[in-house]
Amino acid sequence: MSRRFATKLLHEAFEPDKATGATTSSICQTAAYAQETAEDMAKIFSGRKPGFVYTRVGNPTLATFERRIAALEEGIGALSFASGMAAVSMSIMNIVSAGDEIAASGSLFGGTSSLFRELSSYGIHVRYAEETTPEAFAACLTEKTKLFYTETIGNPKLDVADIGALAELAHANGVPLFVDNTVATPYLVRPIALGADVVIHSTSKAINGNGNSVGGIVVAGKFPWNAEKFPKLAEFAAFGPMSYLARLSGRMRTDFGSTLSPFNAYLTGIGLDTLALRMECASENAMALARCCAGKESVKVNYPGLPGSPWHELARRQFAGRYGTMLTLSLGSRERAFRFINHLTIALNVSNIGDARTLVIHPSSTIFLHADGAEKARAGVTDDLVRVSVGIEDKDDLLEDFGMALEKA
Ligand SMILES: *Cc1c(COP(=O)(O)O)cnc(C)c1O
């Protein structure tokens, strides 16, 4: 019997604790683990016996959280990190070396494009696709391309990537497709099921949902890694399809020390329980808010759920009739955008997304403060733009609050 999403979310890859019957994940708040004998310790260190030695390398609370996300994203395994940016950077550094190239969507989260600028100092060059389409990615391909990188729904451009088509192009050229699925969440789409090879989340956002911890996770699919094209994985070839995750754990997380705290994994796991409920409600609220604002004068609404969005058709097909929790408003000028934000009484002025509360921000003066003109243009960040991450408040209160703030702005 194949279970539906909300049931899988609560019951797959997790069982009450065998020893105590506890129904929530235990928090293994320890730095290290004692072994009975020197022989046992040696076996665990050399991988001949399962077990834990030190939390930077592995921790049972993290392992529980990772199994749950891997099941939801339909991957073969997952590895958690201290933040979404740690997940993004480690997932990439795991397979690229100086001289390699990345073909990437132009409309990336500000932190990711900032990281990509930093990577150039390590000799890793990113070519940006003019648009998030297979044609534009094809134009970025060279002999040196090691991976395709996109977001399911670009933040804050809200363009939608055709995962199946990008995966096909990537695979025809022997490279994996990496998808940051933070904004869409597995509730809207499971990219691996559509052909993606590595899925990344900032779990600080909708997966947690309560904004109480920063975290990240990388989920792997079954890409046929070959040691010629990806020499860094040669040492882990014995792990077969798991070689990517084996290196990510053994080299990246362990050597760079970007491990998630067990307590944050525990809190995020609790938030995860209600992902389906929150995404359904917030998506419905976002649609209502987008429609309501679109009916007003002197504001332009960007939401994949509106028929006027260039990505509406693709979103409808790929997300099975739901359109997510993010929208943006163009208000004509920076001054009006500021006035609008200041007049809102329910929405919080906050830099993150995916919270149970409705959040707004002016990206140009904040998250994209240090981005250059080209970067802002690629990401669709204009000076009059307000990004809205819709929460699960009562719909009519949100409509009233936004209506009032638009009038007063
Ligand atoms: C927030 C975010 C990140 C970075 O995650 P942190 O947990 O803040 O480090 C990466 N990608 C997207 C799409 C995000 O929204």
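When a ligand or atom number is given, it counts from 1 through the structure's own listing order.
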J.: Is there a donor-acceptor contact under 3.5 Å linking the side chains of E151 and S105?
T.: no
J.: Give the numbers and elements of all ligand 1 atoms closer than 4.0 Å to a heavy atom of I353.
T.: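 Taking each heavy atom of I353 in turn, ligand 1 has 15 (O) under 4.0 Å.
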J.: Do T55 and Y33 pair up side chain to side chain, a donor and an acceptor below 3.5 Å, judged on atom types alone?
T.: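 Yes, a side-chain donor-acceptor pair sits under 3.5 Å.
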J.: In terms of atom number and element, which parts of ligand 1 are under 4.0 angstrom from non-hydrogen atoms of S83?
T.: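 In order of number, 7 (O), 9 (O).
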J.: Between the side chains of D384 and K300, is the shortest nitrogen-to-carboxylate-oxygen separation below 4.0 Å, so that they form an ion pair?
T.: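 No, no charged N to carboxylate O under 4.0 Å.
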J.: Distance only, no hydrogens: is a donor on one side chain within 3.5 Å (strictly under) of an acceptor on the other, for R68 and S25?
T.: no
J.: Go through ligand 1 atom by atom and flag the ones less than 4.0 Å from a non-hydrogen atom of N155.
T.: 15 (O)
J.: Only heavy atoms of S202, strictly under 4.0 Å: list the atoms of ligand 1 that pass.
T.: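 The list of qualifying atoms is 1 (C), 2 (C), 3 (C), 4 (C), 5 (O), 6 (P), 7 (O).
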J.: Which residue and atom name correspond to the protein heavy atom nearest atom 12 (C) of ligand 1, and how close is it?
T.: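 The closest one turns out to be D180 OD2, 3.4 Å.
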J.: In ligand 1, which numbered atoms sit nearer than 4.0 Å to a non-hydrogen atom of G215?
T.: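 Taking each heavy atom of G215 in turn, ligand 1 has 7 (O) under 4.0 Å.
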J.: Got the closest protein heavy atom to atom 3 (C) of ligand 1, with its distance?
T.: F109 CE2, 3.3 Å
J.: Relative to the ring of F5, is the ring of Y187 parallel (under 30°), tilted (30 to 60°) or perpendicular (over 60°)?
T.: perpendicular
J.: Starting at OG of S83, measure out to CD1 of I217 and round the result to the nearest 0.5 Å.
T.: 12.5 Å
J.: Looking only at protein heavy atoms, which one is nearest to atom 6 (P) of ligand 1, and how far off is it?
T.: G84 N, 3.3 Å
J.: Should R247 and E235 count as an ion pair when the cut-off is N to O under 4.0 Å?
T.: no
J.: Quick check, are the ring centers of F230 and Y244 under 6.0 angstrom apart?
T.: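 Judged by ring-centre distance (under 6.0 Å), F230 and Y244 do not meet the cut-off.
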J.: Can you tell me which residue and heavy atom of the protein come closest to atom 9 (O) of ligand 1, and the distance to 0.1 Å?
T.: M85 N, 2.8 Å
J.: Is there a heavy atom of A86 sitting under 4.0 angstrom from any atom of ligand 1?
T.: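 No.
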J.: Give the atom numbers and elements of ligand 1 that come within less than 4.0 Å of a heavy atom of S204.
T.: 6 (P), 7 (O)
J.: Would you call K296 and E407 a salt bridge, using N to O less than 4.0 angstrom?
T.: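 Between E407 and K296 there is no salt bridge, as every charged N stays at least 4.0 Å from the carboxylate O atoms.
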J.: How far is atom 15 (O) of ligand 1 from its nearest protein heavy atom, and which residue and atom name does that atom have?
T.: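 Checked against all protein heavy atoms, atom 15 (O) of ligand 1 sits closest to K205 NZ, 2.7 Å.
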J.: Just to be sure I read this right, does ligand 1 sit under 4.0 Å from the backbone of I200, its side chain, both, or neither, counting only heavy atoms?
T.: neither
